[in-house]
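What follows is a single structure, written as structure tokens, with notes after it.
Chain identifiers are assigned alphabetically (A, B, ...) following the order of the sequence lines, protein sequences preceding nucleic acid strands; residue numbering begins at 1 within each chain. If you're wondering where the values come from, they're calculated on a predicted model, not measured in any experiment. Any value given below was found using the heavy atoms of this structure, including those in side chains, with hydrogens, waters and symmetry copies removed.
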Amino acid sequence: MADRKAPAPITPAPITLIEAITQALAYEMQHDDSVVVLGEDVGVNGGVFRATAGLQQRFGDERVLDTPLDETTIAGLTVGMASQGMKPVAEAQFDGFVYPMVDFLVCHAARMRYRTRGRLHCPMVLRVPWGGGIRAPEHHSEANEAIFTNVPGLRVVLPSSPQRAYGMLLAAIRDPDPVIFMEPKRIYRQYKELVPDDGEALPLDVCYVLRDGSDITLVTWGSQVKETLEAADALAKEGVSAEVIDVATLTPLDFDTIAESVAKTGRCVIVHEAARTAGFGAEIAARLAEECMYDLVAPVERVTGYDTHIPLFRLEMKFLPSVEKIVAAAKRALAHS
Amino acid sequence: MADRKAPAPITPAPITLIEAITQALAYEMQHDDSVVVLGEDVGVNGGVFRATAGLQQRFGDERVLDTPLDETTIAGLTVGMASQGMKPVAEAQFDGFVYPMVDFLVCHAARMRYRTRGRLHCPMVLRVPWGGGIRAPEHHSEANEAIFTNVPGLRVVLPSSPQRAYGMLLAAIRDPDPVIFMEPKRIYRQYKELVPDDGEALPLDVCYVLRDGSDITLVTWGSQVKETLEAADALAKEGVSAEVIDVATLTPLDFDTIAESVAKTGRCVIVHEAARTAGFGAEIAARLAEECMYDLVAPVERVTGYDTHIPLFRLEMKFLPSVEKIVAAAKRALAHS
Amino acid sequence: MTVAAKFEIEYLQYLGPDGKPVAALPKAFKDAKALVPLFKQMLFVRTFDSKSIALQRTGKLGTYAASLGHEAVHVGIGASMRPEDVFAPSYREYGAQFMRGVRPREVLMYWGGDERGNDFEGPRHDYPWCVPISTQCLMASGAALSFKLRKQDRVAVACCGDGGSSKTDFYAAVNSAGAYKLPLILCVINNGWAISVPRTAQTGAETLAQKGLAGGLHCLQVDGNDLIAVLEAMRRAHERARKGEGGSVIEFMTYRLHDHTTADDARRYRGEDEVKDAWTREPMIRLRKYLEAAKAWDEKQEAAWLEECGKKVDEEINAYLETKVQPVEAMFDYLYAELPAELAAQREAAIAWEKRNG
Amino acid sequence: MTVAAKFEIEYLQYLGPDGKPVAALPKAFKDAKALVPLFKQMLFVRTFDSKSIALQRTGKLGTYAASLGHEAVHVGIGASMRPEDVFAPSYREYGAQFMRGVRPREVLMYWGGDERGNDFEGPRHDYPWCVPISTQCLMASGAALSFKLRKQDRVAVACCGDGGSSKTDFYAAVNSAGAYKLPLILCVINNGWAISVPRTAQTGAETLAQKGLAGGLHCLQVDGNDLIAVLEAMRRAHERARKGEGGSVIEFMTYRLHDHTTADDARRYRGEDEVKDAWTREPMIRLRKYLEAAKAWDEKQEAAWLEECGKKVDEEINAYLETKVQPVEAMFDYLYAELPAELAAQREAAIAWEKRNG
Ligand SMILES: Cc1ncc(C[n+]2csc(CCOP(=O)(O)OP(=O)(O)O)c2C)c(N)n1
Ligand SMILES: Cc1ncc(C[n+]2csc(CCOP(=O)(O)OP(=O)(O)O)c2C)c(N)n1
Ligand SMILES: [Mg+2]
Ligand SMILES: [Mg+2]
């Protein structure tokens with residue numbers, strides 16, 4: 001308790017995505033008393049991924065709460081606290097455990113402001129370690145963002161670098177409306193970036209152009225950002241200039257950035273790890289079909305998980321998009337002119 | 001109990017969609033002992049929409065079960081019974097109450113066969129009175145089919161006529177895998193059709209072409225089938241020949257029927273009442289962008305609910321697609337050549 | 001036999017159906033005069049209820065959930081609360097809400113299909129009506145948790161029905177309130193029916209009160225047609241909550257004298273006899289008799305008050321009927337604090353469409 | 001004070017930690033010799049467990065959930081069941097499953113990332129391992145309902161942990177089993193911890209057994225390190241279930257002697273002392289002492305049996321390690337009874353891709 005008012009630590013060294021999450025949580029807890037963290041094992045244990053490591057020691061057990069083992073409970077308490085003026089940041093331990101939270105997110109979080117004409121609102125964040133590729137057990141590897149993207153009133157955010165994780169989590173906590181904040185667990189510790197602990201939020205209403213290009217647009221989010229950038233590298237070696245866009249905030253979508261890119265390149269490959277049918281890639285392809293048809297010189301391509309469950313880990317890499325699959329799709333698109 | 005073996009009543013007179021549902025339930029209960037019906041108020045009361053009217057009297061209270069008031073319970077019991085060899089047909093009282101069922105549907109119903117490599121499976125149906133337009137209270141008017149369309153292992157079915165309701169419900173009950181059977185409540189009693197009680201199922205793997213046309217393809221499902229057919233009428237008066245397709249089974253999707261139509265017409269308007277972004281219309285538009293780009297002479301159009309919650313009933317008709325909105329979209333598409 | 005745990009659940013009743021005390025009255029509610037404002041409130045609710053039903057029958061209101069027969073529970077709960085407490089109703093506790101400042105016209109607006117009904121003048125922090133059964137209980141537990149964490153001297157009170165006590169969200173509220181020892185009062189209003197499903201089909205438990213044991217909460221069963229028992233039960237629960245002794249589950253035994261809502265026809269599933277019998281135990285008669293015996297109330301007063309109630313309700317109905325429908329952009333204007341660019345375009349399109357075609 | 005309801009929850013224990021009877025042994029389990037096969041099974045499970053952990057440490061297995069310390073509960077539950085009953089495990093009740101016919105290689109296959117582990121030879125109607133906590137309890141309630149409706153003389157038995165008893169699905173199982181009076185036994189295996197969250201943080205209830213009161217079920221608290229108590233508790237619950245007297249919630253008090261899973265490090269959140277203390281109460285020692293005292297078991301027998309266990313487990317491990325990975329089309333082949341046309345195309349594409357690039 002003594003160090004409750006200790007200054008935020010300076011971070012001179014590069015940090016991983018998961019460390020960036022912790023840094024953002026600590027920053028915001030330090031600067032805003034109404035921020036509390038809750039979830040299963042987030043206290044002494046610091047979360048199964050260590051996202052909340054050290055926070056309970058630093059801020060006390062009234063700011064970092066272990067919950068009973070029930071996701072309905074976590075969602076309900078979160079909505080209850082948020083609607084009474086706190087800013088809860090809840091953690092779902094894994095993607096596969098958000099389903100019992102759907103009811104509260106859809107029926108209450110997303111509608112509190114709407115239903116009461118602004119009298120109450122719901123400034124909450126639900127953090128969800130998201131996606132496959134870490135050889136985890138069943139239900140620990142699911143890319144289920146599409147469950148939330150047809151639900152008005154929510155924001156669905158998926159950062160894919162330490163810097164974006166930090167800045168977008170700050171933005172999510174400060175946002176007066178509910179945010180589903182999905183974290184690509186496969187890249188939690190993949191690489192490090194310098195992330196100054198300056199409390200600077202990043203916008204939640206833009207797509208991030210990670211690489212400029214002129215021949216083809218590669219649109220993606222989450223763990224696949226890495227594969228997509230590598231695919232762009234591979235294409236570059238063959239003289240193809242690929243623009244890479246990290247959608248980062250799925251809803252509300254910044255389609256303009258994508259449309260501008262496609263206006264320039266005329267070709268688009270959408271990459272995501274969720275099953276293809278009715279994955280969020282469909283929305284982007286649909287918008288292209290509606291608004292960019294005359295810009296397209298090749299059919300839109302989607303590189304996605306198959307329309308099946310992500311298999312247990314012996315087969316999971318065969319399910320996920322890969323650099324090779326992305327390059328192959330890009331080449332199909334480039335074959336048109 | 002005495003008339004438990006009574007022959008199915010002959011139905012010489014035309015019946016409504018809701019009566020067709022009842023007829024299909026009765027037929028299948030009569031012919032398959034393992035079929036049971038469960039839900040809130042489905043017993044003596046016959047369901048709040050009367051879908052199960054008379055069934056408990058006829059088949060007894062071990063075939064038609066009122067459940068405690070909990071949707072998680074309904075979903076869990078249903079999966080439990082189905083995986084042990086029964087064929088439960090559960091009712092969600094309204095669309096807005098399926099969210100607590102998502103967990104069981106996604107984690108167990110959709111995966112029972114997959115998870116156990118076929119050792120167990122889950123032959124269940126969840127009936128859901130679906131959609132708006134009946135001046136009902138909050139949460140009684142939701143078009144939330146998109147929640148289920150990115151989930152492999154499920155079938156999402158939405159019949160839109162008495163005949164299709166009867167034939168597709170029979171197919172759904174007989175299907176050895178889980179089916180979410182959404183019923184457009186707005187047209188429950190809108191009109192009557194002759195529906196022979198002959199036990200003939202209709203396929204769950206095709207889109208139904210309701211009207212042939214050559215100038216434009218109108219693709220829709222659920223209550224909007226009516227508006228879409230009326231829009232086709234209106235267009236016909238202006239000399240435009242519109243093909244109307246009722247998707248009927250959203251997943252797994254029969255895209256071929258849609259592609260064939262668009263190959264012929266070159267134009268497509270997709271109509272659904274759910275919010276636009278990441279609604280199932282996006283998947284159809286995406287497929288068109290991928291596979292039919294060279295057939296399209298005009299950008300794809302979507303006529304949908306706005307990206308907001310369906311308002312309480314004083315405003316709801318302004319939210320829903322209308323004949324006028326469909327005709328306007330068709331005309332935009334027709335303006336291209 | 002070694003005993004791991006032992007429990008006893010108390011039943012509270014003070015006024016019998018005939019209005020005569022059946023037990024020594026609790027100290028706090030001995031003064032009959034002090035009950036008169038509450039009785040008047042009960043009369044007001046009943047007037048409001050019957051006029052609302054009539055309004056629905058003439059097509060001027062959507063589906064309406066009546067509160068007939070629940071007046072003592074609802075008003076008693078409302079009377080027990082402070083403004084800074086948070087109330088999380090289901091959908092028929094108008095009696096409690098009126099006491100907290102919600103206006104009848106707001107109730108009508110909500111059932112009349114207008115979101116502005118939820119933007120009520122009652123405590124701005126109270127929850128709106130809640131259609132997804134019992135989710136309000138768990139939300140209230142979250143509210144109570146926020147009070148505890150911020151060391152606010154406030155209590156969260158949620159209501160659900162006998163049916164609602166089967167809902168997993170109810171159990172989650174019990175469990176979390178127990179785990180965190182929260183200032184939460186869960187009022188289970190057992191009116192015998194959940195639409196067509198009788199109480200006996202909901203659970204194998206002898207009482208609904210005992211569900212609180214699952215979370216180590218204080219449990220109480222109460223005659224919900226007896227205003228004094230309701231007040232005393234709530235008083236005890238509030239006291240515990242404020243003292244940091246944790247949450248309560250109170251089962252209020254009452255009866256739903258009307259159809260479930262105006263969209264329901266109870267004759268399909270329950271007998272006339274049961275309803276007739278329930279009328280002999282309803283909450284107004286006994287309280288009236290008690291107050292009359294105590295000379296705190298008489299027929300003349302009642303007639304005058306009822307006339308006042310009628311006028312007041314008519315006024316509210318008129319105010320409701322005069323409310324103009326929201327413009328189409330109201331769909332967008334409360335979705336996010338700031339409308340995202342994407343939606344701004346849709347909003348404009350909606351306005352333009354209505355201008356041309358509306 | 002009028003009492004609405006009264007409850008008492010019994011605690012069962014027969015063998016103390018020192019292996020001496022603390023109460024008169026139940027009739028059915030008086031014969032020490034009859035317990036020997038169960039003790040051997042407990043030894044087998046422990047051998048399997050330690051070898052599996054070792055396998056994981058060398059990278060040949062994925063995350064593994066140990067059963068160390070739970071042997072008496074798991075084996076006792078398995079022993080109580082008939083083949084036609086349905087077992088719904090969580091993810092560590094290998095002891096029960098082995099007794100029902102699940103093969104150790106199948107356990108390994110599952111934790112080794114291969115769905116075929118769930119296609120086990122144990123009763124084909126048993127449920128697979130269940131990751132979403134406590135959903136198996138509610139599924140089992142559905143199974144029990146199907147037995148009741150079809151008048152089958154079968155019982156459904158589900159296991160969950162102390163953490164799992166907070167889950168709404170657990171409460172839904174309690175509620176539905178009570179409402180329909182189902183032949184369901186809910187075994188709450190209270191091992192003190194849910195990953196890092198101690199039992200005390202899960203609920204304010206004094207016992208987890210009392211959660212059954214919420215649904216009017218039979219409730220019992222049992223020393224879960226005492227095989228005889230486990231057997232007797234299960235015997236009573238099965239008897240009730242088969243007689244149509246409904247469901248039970250049994251809380252088995254035991255202790256998780258290992259980390260939560262191999263992915264966990266319990267030193268982060270619990271003290272050495274607590275674990276040391278728990279080792280003095282673990283299930284094997286007391287049963288060994290009891291059997292030895294009864295001359296039903298000796299050191300030599302144990303040494304020989306442990307050697308046999310080691311061989312048998314190694315055999316199973318080898319069988320597991322030799323299993324070839326499934327072909328890519330295995331992703332599609334168990335999705336629907338018949339593969340939809342749409343998916344057939346994807347399946348072909350997947351095969352073709354692997355052929356070219358795999
Ligand atoms: C989650 C959910 N499921 C179903 C319904 C439909 N429904 C509305 S009220 C009701 C019965 C409620 O009964 P009870 O809880 O006893 O409250 P009462 O209406 O008797 O006050 C039902 C099933 C709903 N509103 N929410
Ligand atoms: C719905 C859900 N939420 C979270 C988890 C992650 N998780 C796995 S085991 C566990 C703790 C379980 O504790 P308990 O029920 O006591 O069982 P034990 O592991 O002690 O046997 C948690 C939180 C999960 N598997 N499912
Ligand atoms: Mg009720
Ligand atoms: Mg445990």
Side-chain angles (χ1 to χ4, degrees), chain A residues 71-72 96-107 110-111 114-115 138-139 142 144-153 250-253 268 270 274-294 296 298-302 306-309 311 336, chain B residues 71-72 96-107 110-111 114-115 138-139 142 144-153 250-253 268 270 274-294 296 298-302 306-309 311 336:
Chain A
E71 282 70 18
T72 305
F97 311 139
V98 303
Y99 307 112
M101 298 176 154
V102 167
D103 191 45
F104 263 94
L105 293 168
V106 173
C107 294
R111 295 184 214 217
Y114 184 89
R115 170 178 292 146
E138 250 187 307
H139 288 296
E142 300 179 11
N144 46 19
E145 66 272 22
I147 291 233
F148 299 110
T149 50
N150 189 231
V151 181
L250 304 191
T251 53
L253 175 68
C268 188
I270 302 162
R276 167 168 320 200
T277 295
F280 191 71
E283 176 60 26
I284 295 173
R287 293 293 292 272
L288 291 171
E290 290 170 328
E291 299 174 36
C292 306
M293 195 177 107
Y294 295 108
L296 286 167
V300 174
E301 293 272 346
R302 282 186 284 175
Y306 295 116
D307 279 328
T308 177
H309 307 289
H336 293 262
Chain B
E71 282 70 18
T72 305
F97 310 139
V98 303
Y99 307 113
M101 297 176 155
V102 167
D103 191 45
F104 262 94
L105 294 168
V106 172
C107 294
R111 295 185 213 216
Y114 183 89
R115 169 178 293 145
E138 249 189 307
H139 287 295
E142 300 178 11
N144 46 18
E145 65 273 23
I147 291 238
F148 299 109
T149 50
N150 189 231
V151 182
L250 305 191
T251 54
L253 175 68
C268 187
I270 301 162
R276 167 168 320 198
T277 295
F280 191 71
E283 177 60 27
I284 295 173
R287 293 294 292 271
L288 291 170
E290 291 171 326
E291 301 174 35
C292 307
M293 194 178 106
Y294 295 108
L296 285 168
V300 174
E301 294 272 346
R302 282 185 286 175
Y306 295 115
D307 278 329
T308 178
H309 307 289
H336 294 261

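- Each of B:Ile147, B:Thr149, B:Thr277 has some count of heavy-atom pairs under 4.5 Å with chain A, and the biggest count is that of B:Thr277.
- Residues A:His336 and B:Met293 are not in side-chain contact: their nearest non-hydrogen atoms beyond the backbone lie 4.5 Å or more apart.
- In this structure, no portion of B:Glu71 lies under 4.5 Å from any heavy atom of chain A.
- Contact detail for B:Asn150 and A:Ala275: the closest heavy-atom pair is ND2-O, 3.0 Å.
- Contact count versus chain B (heavy atoms, under 4.5 Å) is highest, among A:Phe280, A:Phe104, A:Tyr114, A:Phe97, for A:Tyr114.
- Among B:Ala289, B:Ala146, B:Gly153, the residue with the largest count of heavy-atom pairs under 4.5 Å with chain A is B:Ala289.
- Neither the backbone nor the side chain of A:Phe148 comes within contact range of chain B, judged by heavy atoms closer than 4.5 Å.
- Not one N or O on the side chain of A:Tyr99 forms a donor-acceptor pair closer than 3.5 Å with the backbone of B:Cys107.
- Proximity of B:Arg287 to A:Arg302: side-chain heavy atoms (C-beta onward) are separated by under 4.5 Å at one or more points.
- Interface residue B:Leu296: backbone and side-chain heavy atoms are both found under 4.5 Å from chain A.
- Contacts of B:Pro311 with chain A are made by both backbone and side-chain atoms, with heavy-atom separations under 4.5 Å.
- Here B:Asp307 contributes atom CG and A:Thr251 contributes atom OG1; the two are 9.0 Å apart, rounded to the nearest 0.5 Å.
- Residue B:Glu142 touches chain A through its side chain alone, counting heavy-atom pairs closer than 4.5 Å.
- B:Tyr306 does not touch chain A: none of its heavy atoms, backbone or side chain, sits under 4.5 Å away.
- Taking B:Ala285, B:Pro100, B:Cys292 one by one and counting their heavy-atom pairs under 4.5 Å with chain A, the maximum is reached by B:Pro100.
- With hydrogens and angles ignored, the 3.5 Å screen pairs a side-chain donor or acceptor of B:His309 with a backbone N or O of A:Ala110.
- Only the backbone of B:Glu301 comes within less than 4.5 Å of a heavy atom in chain A; its side chain stays farther off.
- In terms of heavy-atom proximity, B:Ala298 sits nearest to A:Tyr294 at CA-OH, 4.1 Å.
- Here the straight-line distance linking atom CD of B:Glu290 with atom CZ of A:Arg276 works out to 5.5 Å at 0.5 Å rounding.
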